[in-house]
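Everything on this sheet refers to the single structure shown next.
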Amino acid sequence: MAKQEYKNSIQSKRKIASAYLNLLINNQNNLNVTEIVKLAGINRGTFYLHFDNIQSVAKYIENELAGNFKHIEQEFRLTEIDKTPELVLDKLNEILYKDIHYYQLIIQASTTENLMDKLKTIILNSIENNFKVMRYVTNYERFKMVVQYIVGGAIEVYINWLKGKLDCRLEDVRDFLSTIIKDGLKGCINYG
């Protein structure tokens with residue numbers, strides 16, 4: 001029974017978050033709880049069971065997204081990112097495929113500049129904390145610049161893919177970015 005209650009709680013939060021995002025997409029600047037619960041198909045009590053106010057819905061979405069991407073951190077720590085970046089990108093694609101429509105809503109609602117900065121920071125920190133690779137970095141400043149450039153570009157590519165601006169499969173994005181990562185990190189890391 002506890003598992004079902006937990007699952008129902010997650011589903012209710014997701015309905016509320018999706019309704020919030022849909023209203024943002026439709027240029028609803030003055031969102032209110034009534035509009036959100038109506039679109040979500042729930043009652044006000046359910047809303048307030050999970051959230052204190054509308055701002056807490058936005059914070060939930062941000063934390064949920066950042067939390068999902070933090071799972072990739074473990075992959076960064078175990079992977080030689082310059083040799084097998086596709087392992088990390090596969091993990092990212094797996095997260096996106098689980099609920100692609102929800103991620104598209106988040107991107108379309110695009111009050112996501114702070115969110116994208118947060119994701120960039122998580123990814124950059126994960127790479128810099130990759131002990132498997134960092135001990136072989138020959139030029140730390142160059143490595144840092146290359147990684148910042150690659151991460152910023154990769155996030156932009158994924159955003160454009162989610163917006164439908166790229167006509168390719170997610171696997172094609174992975175292959176393309178893997179090549180860029182490998183090429184970009186050449187000369188920064190020496191295993192010799």
For Glu64 and Tyr102, what are the C-alpha separation, side-chain angles and deciding distance, and is it a side-chain hydrogen bond (donor to acceptor under 3.5 Å, both in side chains)?
CA-CA 11 Å; Glu64 180 189 32; Tyr102 184 65; 2.8 Å; yes
Do the side chains of Tyr60 and Ile25 join up, straight or via other hydrophobic residues, at under 4.5 Å, putting them in one cluster?
yes
Between atom CG of Leu21 and atom CD1 of Ile61, what is the distance when rounded to the nearest 0.5 Å?
4.0 Å
What distance do Ile180 atom CD1 and Leu185 atom CG have between them, rounded to the nearest 0.5 Å?
11.5 Å
Please evaluate residues Glu156 and Lys165 with respect to the criterion salt bridge (charged side-chain N to carboxylate O under 4.0 Å, His left out), reporting the C-alpha separation (whole Å), side-chain torsions for both, the decisive distance (0.1 Å), and the verdict.
CA-CA 11 Å; Glu156 191 64 27; Lys165 292 181 178 181; over 6 Å; no
Heavy-atom nearest pair, Arg174 first then Glu86, reads CD-CB, 3.7 Å
Supply the atom-to-atom distance Leu49 CG to Ser9 OG, rounded to the nearest 0.5 angstrom.
7.0 Å
Partners meeting side-chain hydrogen bond (donor to acceptor under 3.5 Å, both in side chains) with Asp99 (sequence neighbours left out):
Arg14
Asn32 versus Ile54, closest heavy-atom pair with distance
CA-CD1, 3.3 Å
Do you reckon Leu89 sits in the same ILVMFWY cluster as Ile100, going by side-chain contacts under 4.5 Å, direct or chained?
yes
From His50 NE2 over to Ile10 CD1, what is the distance, rounded to the nearest 0.5 angstrom?
10.0 Å
Going by distance alone, is a donor N or O of one side chain under 3.5 Å from an acceptor N or O of the other, for Gln108 and Tyr103?
no
Would you please say whether a donor-acceptor pair under 3.5 Å links the side chains of Thr46 and Asn43?
yes
Ile16-Tyr48 co-clustered via ILVMFWY side chain contacts under 4.5 Å:
yes
Given salt bridge (charged side-chain N to carboxylate O under 4.0 Å, His left out), test Lys38 with Glu35 step by step and report yes or no.
CA-CA 5 Å; Lys38 182 178 177 183; Glu35 291 170 331; over 6 Å; no
Rounded to the nearest 0.5 Å, the CG atom of Asp90 sits from the CD1 atom of Ile95 at a distance of 11.5 Å
Enumerate the ring-ring contact (aromatic ring centres under 6.0 Å, His included) contacts for residues 146-180, please, sequence neighbours excluded, ordered by first and then second residue.
none
Hphob cluster co-occupancy, Met145 + Ile150, side-chain heavy atoms under 4.5 angstrom
no
Hydrophobic clusters here meaning ILVMFWY residues chained together by side-chain heavy-atom distances under 4.5 Å, can you tell me if Tyr136 and Phe143 are in one?
yes
Could you measure the distance from the CD1 atom of Ile42 to the CD1 atom of Ile36? Nearest 0.5 Å is fine.
8.5 Å
Grab the two heavy atoms, one from Arg142 and one from Asn139, that are nearest each other, plus how far apart they are.
N-OD1, 3.0 Å
